[in-house]
Amino acid sequence: MPISAFDCITLAFEHTKRQLFKPFRFGQWVRLAIVGLLAGELGSGGGNLNVPSRSNQQGSIPALGELFHKIDPAILASLITILVITGIVLFVLMIYVSSVMRFILFDTVLTKECHIRADWSQRQENGWQYFLWQVCLALATFAGAIILIGGPAVFAFSMGWFQSARAHMAQLILTGIFVLALFLFFIISVAVVHVFTKDFVVPQMAFEGIGAMEAWRRLWPMLQAEGKGYALYVIMKAILTIAAGITVAIVALILGLIMAVPVVGAVVAAVIASKNAGLTWNVLTITAAVAAGCILFAIYFFLVSLISVPVIVFFPAYSIYFFAARYRPLSLALYSPAPQSALPQGVPPPFTPPPLPAV
């Protein structure tokens, strides 16, 4: 029988310890932090720090609305347009980068070696195909959400339920509960599709060079033949993700509190220095403030990902060990014996579990 999702936990833990601590290599940690952050494997964020301000005192910093009110509306509109366009371009670019990095992370965990530059040049085609899949899935998710929410809203409006809400309170409540349940089911389904794609479709794309749709066509009979096994995998991964997310969130909160002390001090010093120098809010100062904030957030998230490298390695290893028992090319690569030339004279090859039956 193929190995169960529960048994893969121990194998993934052992794999993580061997890759990260036997031996410990700081350079690999840094590379894994970069790959994991760009691949989107780090699925939890830190807390937001709300620093109270006393803007009602004399000489305090003006409100943000007052600052924007002093700027020329034409300049402000141009700045907002540039920021929106730049944000969209960067968002699409990051999706492509994360698509390629997903394959680099897969190769890194499978081989226990991280070579970003070499793998980046080799995984361009796979990354492009995965990028197209992610864009199509995002558009389908957005369209589905609009239909699920907008359809009942249009129906209720056409029936006049909103015009006389008190008279149709029961219909509105029942419809709202039904739409909410349907929307939650839709979101969970999309999340499961995303998880199955990066855990079970990406290995097929990496080994055989096929597209995401063809890989899904091959995966579907496996899901039908072993529905309970894959369902247990989803449940176990959800539990592990919640546990890891809580741990990473606590670490991120502590790190954020530590960083907040020097950052707040630097901001206060910069504000005082700018006021003494007579600087005002304009395109240059706003752009500089936004750039500084982006740099600080990038540093913060990189430090969080550096601390979370064990999580970044564990979850791909967990999916690899589970799917290796069901996908023969991955099984052969995972359990391949060490080369005979690398073994000392008279030393037998190390024992590795034999490949389990694959569908």
Going by the rule salt bridge (charged side-chain N to carboxylate O under 4.0 Å, His left out), which residues pair with Glu125 if we only count those two or more places apart in sequence or in a different chain? none

If you measure from CG on Leu334 to CD1 on Ile320, what distance do you get to the nearest 0.5 Å? 7.0 Å

Give, for atom NZ of Lys198 and atom CD of Glu41, the distance between the pair rounded to the nearest 0.5 Å. 4.5 Å

Result of checking Val109, Ile312, Leu105 against Val35 for side-chain contact (heavy atoms from CB on, under 4.5 Å): Leu105

Distance-only polar pair, side chains of Gln224 and Tyr230, donor-acceptor under 3.5 Å: no

Does the side chain of Trp29 reach to within under 4.5 Å of the side chain of Pro310, using non-hydrogen atoms? yes

Quick one: are Phe106 and Leu330 in side-chain contact, heavy atoms under 4.5 Å? yes

State whether the number of non-hydrogen atoms from other residues, nucleotides or ligands found under 6.0 Å of Phe91 atom CZ is greater than 12. no

Does Phe6 have more than 12 heavy atoms from other residues, nucleotides or ligands lying within 6.0 Å of its CZ? no

If you take the centroid of each ring, where Trp contributes its six-membered ring, are Trp133 and Tyr130 closer together than 6.0 Å? no

Quick check: does any side chain N or O of Gln19 sit under 3.5 Å from a backbone N or O of Thr108, one acting as donor and the other as acceptor? yes

Extract all donor-acceptor atom pairs below 3.5 Å that involve side chains of residues 173-194 and protein atoms in other chains or at least two apart in sequence.
| unit_1 | atom_1 | unit_2 | atom_2 | d |
| --- | --- | --- | --- | --- |
| Thr175 | OG1 | Gln171 | O | 2.7 |
| Ser189 | OG | Phe185 | O | 2.8 |

Quick check: is Tyr327 connected to Ile210 through a chain of hydrophobic side chains (ILVMFWY, heavy atoms under 4.5 Å apart)? no

